2 protein chains.
Amino acid sequence: MSDSQNSAAEREQGSAFMPKFDAAGLLSAVVQHAQTKQILMVAFMDREALDKTRETGVAHFHSRSRGRLWKKGESSGHVLEVEDILVDCDQDAIVLKALPKGPTCHTGAVSCFYRSLDKNGLHPAEE
Amino acid sequence: MSDSQNSAAEREQGSAFMPKFDAAGLLSAVVQHAQTKQILMVAFMDREALDKTRETGVAHFHSRSRGRLWKKGESSGHVLEVEDILVDCDQDAIVLKALPKGPTCHTGAVSCFYRSLDKNGLHPAEE
């Protein structure tokens with residue numbers, strides 16, 4: 001196998017954590033409620049946010065609009081306590097299984113995904 | 001309110017679907033099993049992938065590595081039948097609630113998130 005094949009195989013099958021950041025230095029992070037399994041939000045993490053999350057046990061992201069580290073709940077107090085972190089096959093996306101201390105969405109909704117899409121547009125989601 | 005505030009409010013509270021693509025023309029798409037609620041994969045969609053998904057009812061993405069439309073399962077047959085689409089507050093991320101026709105991950109795993117991260121590295125996830 002070539003080096004790049006070896007590296008891909010190691011990334012997929014190995015036990016070493018080798019997060020793959022994109023050209024902007026980011027990876028995708030999905031937050032799922034550890035108990036209800038509802039998807040609460042999707043955001044991005046850079047190395048700093050990932051390290052802070054692992055170090056503190058509460059979710060940190062990289063805010064693309066503000067261009068800085070963003071501790072979720074830093075102003076509202078609605079932090080996300082991380083119970084588990086799942087990593088995908090090519091290590092460019094993670095799932096945080098978390099217990100939220102309040103609504104996750106800044107609108108006050110439990111989840112940012114409070115609308116469902118059909119042919120006519122958006123309507124309140126059932127969940 | 002300013003125009004940009006009006007537009008943000010409309011995007012958050014309205015019933016009009018106004019997907020917000022990033023500078024690369026992409027938004028994040030998370031696939032969740034419609035029944036078990038397990039998160040199966042995370043990928044990106046451009047306008048074409050989003051339109052194709054809505055039109056056909058099976059998940060399409062934009063492959064960043066191949067730079068083209070990618071129908072999930074186009075070679076394996078393991079397509080994702082979309083049952084519902086959820087949209088987040090600022091309309092830059094979506095959740096596809098789907099029924100998979102086979103393993104979702106190209107490694108043969110049910111989900112791409114088959115490993116859990118702790119201080120020592122990766123190990124098989126329980127789910």
Side-chain angles (χ1 to χ4, degrees), chain A residues 9 11-19 22-24 27-33 36-44 50 54-55 64-65 84-97 104-107 109 111-127, chain B residues 9 11-19 22-24 27-33 36-44 50 54-55 64-65 84-97 104-107 109 111-127:
Chain A
R11 184 165 255 129
E12 281 181 7
Q13 293 150 29
S15 59
F17 183 47
M18 302 185 285
D22 69 10
L27 51 73
S28 301
V30 182
V31 181
Q32 183 178 36
H33 194 294
T36 67
K37 295 192 171 185
Q38 186 176 8
I39 296 177
L40 301 175
M41 61 176 285
V42 173
F44 293 93
L50 184 59
R54 296 183 72 193
E55 192 184 305
R64 293 190 296 177
S65 57
D84 198 8
I85 299 177
L86 302 180
V87 180
D88 80 341
C89 47
D90 53 3
Q91 303 203 31
D92 65 357
I94 66 172
V95 169
L96 303 178
K97 297 211 168 195
T104 294
C105 189
H106 73 285
T107 61
S111 161
C112 294
F113 294 93
Y114 50 82
R115 289 171 298 184
S116 176
L117 177 66
D118 66 17
K119 280 177 186 167
N120 302 313
L122 300 169
H123 52 89
E126 278 174 32
E127 189 171 54
Chain B
R11 185 166 254 132
E12 280 181 7
Q13 293 150 29
S15 59
F17 183 47
M18 301 185 287
D22 70 10
L27 51 73
S28 301
V30 182
V31 181
Q32 183 178 35
H33 194 294
T36 68
K37 294 191 170 186
Q38 187 176 10
I39 296 177
L40 300 174
M41 62 176 286
V42 173
F44 293 92
L50 184 59
R54 295 183 74 192
E55 192 184 303
R64 293 190 297 177
S65 57
D84 197 8
I85 299 177
L86 303 180
V87 179
D88 80 340
C89 46
D90 54 1
Q91 303 203 32
D92 65 358
I94 67 171
V95 168
L96 302 178
K97 295 209 169 196
T104 295
C105 189
H106 73 285
T107 61
S111 160
C112 293
F113 295 92
Y114 50 82
R115 289 172 298 184
S116 177
L117 176 66
D118 66 17
K119 280 175 186 168
N120 301 315
L122 300 169
H123 52 90
E126 279 174 30
E127 188 172 57

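Note that this is a predicted model, so its numbers are computed, not measured. Chain letters run A, B, ... following the sequence lines, proteins first, then strands; residues in each count from 1.
In this structure, chain B has heavy atoms under 4.5 Å from both the backbone and the side chain of Ala93(A). In this structure, the portions of Ser116(A) lying under 4.5 Å from any heavy atom of chain B include both its backbone and its side chain. Interface residue Asp118(A): only backbone heavy atoms are found under 4.5 Å from chain B.
Paired with Val42(B) under the rule side-chain contact (heavy atoms from CB on, under 4.5 Å), one option of Val42(A), Asp88(A), Val30(A) passes, and it is Val30(A).
Note: Arg11(A) leads His123(A), Arg11(A), Met18(A) in heavy-atom pairs under 4.5 Å with chain B. For the set Ala109(A), Pro124(A), Cys89(A), the entry with the most heavy-atom pairs within less than 4.5 Å of chain B is Cys89(A).
Put simply, CG on Asp84(B) and CD on Glu126(A) are 7.5 Å apart, with the number rounded to the nearest 0.5 Å. Distance SG/Cys112(B) to CD/Gln91(A): 12.5 Å, rounded to 0.5 Å. We find the NE2-CD distance between His106(A) and Glu12(B) to be 3.0 Å, quoted to the nearest 0.5 Å.
Within the 3.5 Å criterion, the main-chain N or O of Thr107(B) finds no donor-acceptor partner in the side chain of Gln13(A). Judged by distance alone, the side chain of Arg115(B) and the main-chain N or O of Leu86(A) form no donor-acceptor pair under 3.5 Å.
Residues Asp22(A) and Arg64(B) approach most closely at OD2-NH1, 3.4 Å, considering heavy atoms.
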